[in-house]
Amino acid sequence: MSSTLTRPAPPGAARESVAPRRRTRLLALPEARWAAAALVLFLIALPLYLAGAPAWTWGTLFAAVYATGGWEPGRAGLRALREKTLDVDLLMVVAALGAAAIGQVLDGALLIVIFATSGALEAIATARTADSVRGLLDLAPATATRVADDGTEETVPGERLAVGEIILVRPGERIGADGRVLDGAGEVDQATITGEPLPVAKAAGDEVFAGTLNGTGALRVKVERDPSDSVIARIVAMVEEASGTKAPTQLFIEKVEQRYSLGMVAATVALFVLPLFVGADLRSTLLRAMTFMIVASPCAVVLATMPPLLSAIANAGRHGVLVKSAVVMERLGQVDAVALDKTGTLTEGTPRVTDVRPLPGPGLPEDEVLRLAAAAEHPSEHPLARAIVDAARDRGLDIPLVRDFGSAPGTGVSATVEGRSVAVGSPARLPDGRTGGPAGEEVAAPEMTGALDVAAALEEEGRTAVLVTVDGRPAGVLGIADRLRDEAAATVAALGELAGTTPVLVTGDNPRAAARLAGEVGIDDVRAGLLPQDKVTAVREWERAGHKVLVVGDGVNDAPALAAAHTGIAMGRAGSDLALETADAVVVRDELATVPAVVRLSRRARRLVVQNLVVAAVFITGLVIWDLAGTLPLPLGVAGHEGSTVIVGLNGLRLLADGAWRRAHAGTDR
């Protein structure tokens with residue numbers, strides 16, 4: 001075990017290693033500007049209207065709302081009309097104008113604001129995903145140090161590297177290309193690619209990936225892939241492809257949008273034109289047609305759909321789950337298969353000491369082994385070192401100062417602690433003769449054999465084994481593992497019940513660690529050692545089998561699967577920017593138990609949508625029959641139409657109550 005960050009990089013280098021954020025500003029999007037203008041104007045006009053101010057004051061403002069908020073959806077609707085399709089955007093603008101024509105100015109303006117805001121949110125989500133995909137390219141360094149045949153070094157742009165060339169990767173630098181180590185030793189943080197929680201020791205013959213971070217120890221790497229074909233570049237391509245080819249999603253009511261819209265428009269025209277041919281009065285005919293258009297308009301139907309979904313979104317947001325759109329909230333309730341990442345999702349993503357196993361040689365107790373190991377590791381910034389130091393502090397142990405600290409890349413650290421020589425490192429890096437300790441001390445072969453047996457037993461259980469020697473003799477073995485979230489097992493069981501099948505574990509971590517964790521949480525199907533493209537392949541296999549897959553993850557390596565899945569949820573606290581922007585929903589507080597809760601809430605919202613559609617259909621059908629078979633007074637038609645809107649709206653708002661979330665979290669979506 002070496003200290004990946006034993007010598008902190010200079011501030012400039014640290015800044016260069018972090019991918020800069022290139023986020024589209026909200027007001028740079030025309031949809032956002034028009035929607036914001038419409039909302040501000042509406043909020044100014046509303047109190048004037050309710051206070052009974054002169055009509056010219058609020059009327060002018062509402063007219064501006066119609067113009068600013070209706071511009072984008074109206075243009076989209078006209079564009080669709082030119083392509084011989086009639087979509088809900090144009091229909092909503094027409095319905096809003098129709099409401100204004102009969103004096104329902106407030107209702108029409110509210111409808112315009114809702115549609116403009118919805119369009120703006122969709123544009124923002126699309127832009128942010130594109131920003132994150134572009135930002136991912138910055139993970140690969142802009143330059144690399146190329147080594148010529150005569151040994152001279154040259155700094156060149158990363159995209160100019162060719163297969164077969166040699167690059168030098170110094171401590172603290174990101175690797176410039178996919179390749180294989182020729183010589184040198186170190187530990188590489190490749191969590192962006194595989195999701196592994198700990199740096200991976202690299203030596204001659206090991207594969208490395210562009211964009212991963214080298215720790216202490218210089219590496220000479222032979223380039224094996226063109227930069228345009230690196231794993232990072234392929235992740236970008238997969239996210240873009242998945243986002244572009246993912247089938248366009250629609251709310252339930254939009255699936256019948258074309259037929260309903262065309263039928264309503266045709267019926268309105270027929271009600272106006274046909275009576276005129278048989279000598280009907282123009283005014284009464286126009287009034288009947290206008291009444292029909294109002295009572296048959298989809299306002300109530302749209303509001304039957306949106307309030308339950310928006311209320312569920314708001315309720316989930318209050319409890320730490322950001323659902324990005326009404327479409328996502330609807331889709332969450334459809335999932336029937338679940339794929340879970342391991343590190344950072346089922347686990348906390350932080351290594352912790354799980355075992356302290358003293359060895360019989362020096363006869364030191366547990367706390368003394370841990371105290372000496374923590375002292376030796378204290379100067380190091382390696383993740384395993386932090387875990388050992390934290391474990392000692394949790395036990396209230398004092399950590400003495402050390403002298404003669406040293407680290408060997410890929411092997412371990414050594415120091416003098418209270419006059420004793422202490423070394424901490426990986427048993428796997430011992431020489432074949434098993435006579436050398438982590439820092440090169442001579443160790444008796446029988447004692448080392450016993451230490452290796454203990455280490456092997458810990459590794460069989462999925463832990464990382466760390467050997468501690470004192471004055472050249474094995475004193476103990478520490479077991480270190482990523483800590484399982486407290487709610488992981490309950491969440492897996494709940495998701496299995498909701499989906500009808502046990503979730504699958506998909507991880508880039510090693511098979512032993514994955515199998516151990518899967519056994520603890522009750523998962524039988526484990527897919528370990530997966531690269532990002534392997535996760536996408538697995539998701540697409542399940543979807544080809546007819547499943548609607550929910551993927552839960554947190555890292556860059558999860559982003560392609562999050563984009564390809566029916567629905568993707570990212571863990572927010574430590575999630576990568578790309579995963580957060582690509583996912584359809586984000587668990588902001590990293591509370592894993594909220595995932596099944598939001599699925600239950602979605603299913604409750606879908607049931608309320610169906611209830612509301614039935615109510616709206618009953619009102620619309622009754623009013624339309626009245627208008628066609630008799631004479632429906634326009635004020636009564638408006639009252640019936642608005643009454644149905646109020647009923648379905650209030651029914652949908654039931655999901656705003658905290659009780660709805662408590663029931664969903666407790667395991668019932670009824």
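- Looking at heavy atoms from C-beta onward, Val504 lies out of side-chain contact with Leu340 at the 4.5 angstrom threshold.
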Run the numbers on Leu397 and Leu370 for side chain to side chain contact (heavy atoms under 4.5 Å, CB included), then give the verdict.
CA-CA 9 Å; Leu397 305 178; Leu370 183 58; 4.2 Å; yes

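- Surrounding CG of Leu401 are at most 12 heavy atoms belonging to other residues, nucleotides or ligands under 6.0 Å away.
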Determine, stepwise, if the pair Val454 / Leu359 fulfils side chain to side chain contact (heavy atoms under 4.5 Å, CB included).
CA-CA 9 Å; Val454 173; Leu359 297 172; 3.8 Å; yes

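- Shown here for Leu484 and Ala488, the closest heavy-atom pair between the two residues is CD1-CB, 3.7 Å.
- Checked by atom type and distance alone, the side chain of Arg485 pairs as donor or acceptor with a backbone atom of Asp590 at under 3.5 Å.
- Annotation for Pro532 and Pro560: closest pair CB-CG, 4.2 Å, computed over non-hydrogen atoms.
- The shortest distance between side-chain heavy atoms of Leu601 and Trp661 falls below 4.5 Å.
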Would Glu366 and Arg395 count as a salt bridge (charged side-chain N to carboxylate O under 4.0 Å, His left out) if you check the C-alpha gap in whole Å, the side-chain angles of each, and the deciding distance to 0.1 Å?
CA-CA 11 Å; Glu366 276 190 23; Arg395 295 193 183 195; 3.3 Å; yes

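- In this structure a side-chain-to-backbone donor-acceptor pair under 3.5 Å is present from Lys202 to Glu207.
- Salt bridge present: Glu418 and Arg371 bring a charged side-chain N and a carboxylate O closer than 4.0 Å.
- Under the 3.5 Å distance criterion, the side-chain polar atoms of Thr491 are matched with a main-chain donor or acceptor of Glu487.
- Sparse packing is recorded around CD of Glu497, with 12 or fewer heavy atoms of other residues, nucleotides or ligands lying under 6.0 Å away.
- Nearest heavy-atom pair, Ile167 versus Ala144, reported as atom, atom and distance to 0.1 Å: CG2-CB, 4.4 Å.
- Atom CG of Leu517 is separated from atom OG1 of Thr507 by 8.5 Å, given to the nearest 0.5 angstrom.
- Across all non-hydrogen atoms, the minimal contact from Gly344 to Asp482 is N-OD2, 4.4 Å.
- Around CG of Asp150, the count of heavy atoms belonging to other residues, nucleotides or ligands within 6.0 Å exceeds 12.
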Criterion side chain to side chain contact (heavy atoms under 4.5 Å, CB included) on Val221 and Leu182, from CA distance to verdict:
CA-CA 5 Å; Val221 176; Leu182 289 181; over 6 Å; no

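- Put simply, CD1 on Ile569 and CG on Leu562 are 9.5 Å apart, with the number rounded to the nearest 0.5 Å.
- The minimum heavy-atom distance linking Leu213 with Gly172 is given by the pair CD1-O, 3.4 Å.
- With rounding to the nearest 0.5 angstrom, the CG atom of Leu478 is 9.0 Å from the CG atom of Asp355.
- With hydrogens and angles disregarded, a donor-acceptor distance shorter than 3.5 Å links the side chain of Asp584 to the backbone of Gly568.
- Put simply, the side chain of Arg527 never gets that close to the backbone of Val506: no donor and acceptor are under 3.5 Å apart.
- Counting only N and O atoms by type, the side chains of Arg463 and Thr354 include a donor and acceptor under 3.5 Å apart.
- Residue Ala373 comes nearest to Val468 through the heavy atom pair CB-CG2, 3.8 Å, listed as atom of the first residue, atom of the second, then distance.
- Side-chain N or O atoms of Arg220 include none that pairs as donor or acceptor with a backbone N or O of Asp183 at under 3.5 Å.
- Between Leu592 and Val587, every side-chain heavy-atom pair lies at or beyond the 4.5 Å cut-off.
- For the pair Asp471 and Arg473, the salt-bridge criterion is not met [side-chain N within less than 4.0 Å of a carboxylate O].
- Between Asp341 and Lys535, at least one side-chain N (NZ, or NE/NH1/NH2) sits under 4.0 Å from a carboxylate O, which counts as a salt bridge.
- Between the OG1 atom of Thr501 and the CG atom of Asp525 there is a distance of 8.5 Å, given to the nearest 0.5 Å.
- Put simply, CD1 on Ile388 and CD1 on Ile399 are 10.5 Å apart, with the number rounded to the nearest 0.5 Å.
- Side chains of Pro379 and Val402 form a contact here, defined as non-hydrogen atoms less than 4.5 Å apart.
- Between Glu377 and Arg386 no salt bridge is recorded (no basic side-chain N to carboxylate O distance below 4.0 Å).
- A 4.5 Å side-chain heavy-atom check between Phe405 and Val417 finds every atom pair outside the cut-off.
- Using a 4.5 Å heavy-atom cutoff, the side chains of Asp178 and Val223 are not in contact.
- In this structure a side-chain-to-backbone donor-acceptor pair under 3.5 Å is present from Glu173 to Arg170.
- The residues Arg512 and Glu460 are annotated as salt-bridged, a charged nitrogen and a carboxylate oxygen being separated by less than 4.0 angstrom.
- Side-chain contact between Val321 and Val598 is present, with at least one heavy-atom pair separated by less than 4.5 Å.
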Stepwise side chain to side chain contact (heavy atoms under 4.5 Å, CB included) check, Arg420 with Val470:
CA-CA 7 Å; Arg420 288 180 286 185; Val470 177; 3.9 Å; yes

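- Using a cutoff of 4.0 Å between basic side-chain nitrogens and carboxylate oxygens, Glu520 and Lys342 are not scored as salt-bridged.
- Atom CZ of Arg146 and atom CG of Leu168 lie 13.5 Å apart (nearest 0.5 Å).
- Between Asp390 and Arg352, no side-chain nitrogen of the basic residue sits less than 4.0 Å from a carboxylate oxygen of the acidic one, so the salt-bridge criterion is not met.
- Taking the side chain as every heavy atom from C-beta outward, Asp367 and Val369 never approach each other to under 4.5 Å.
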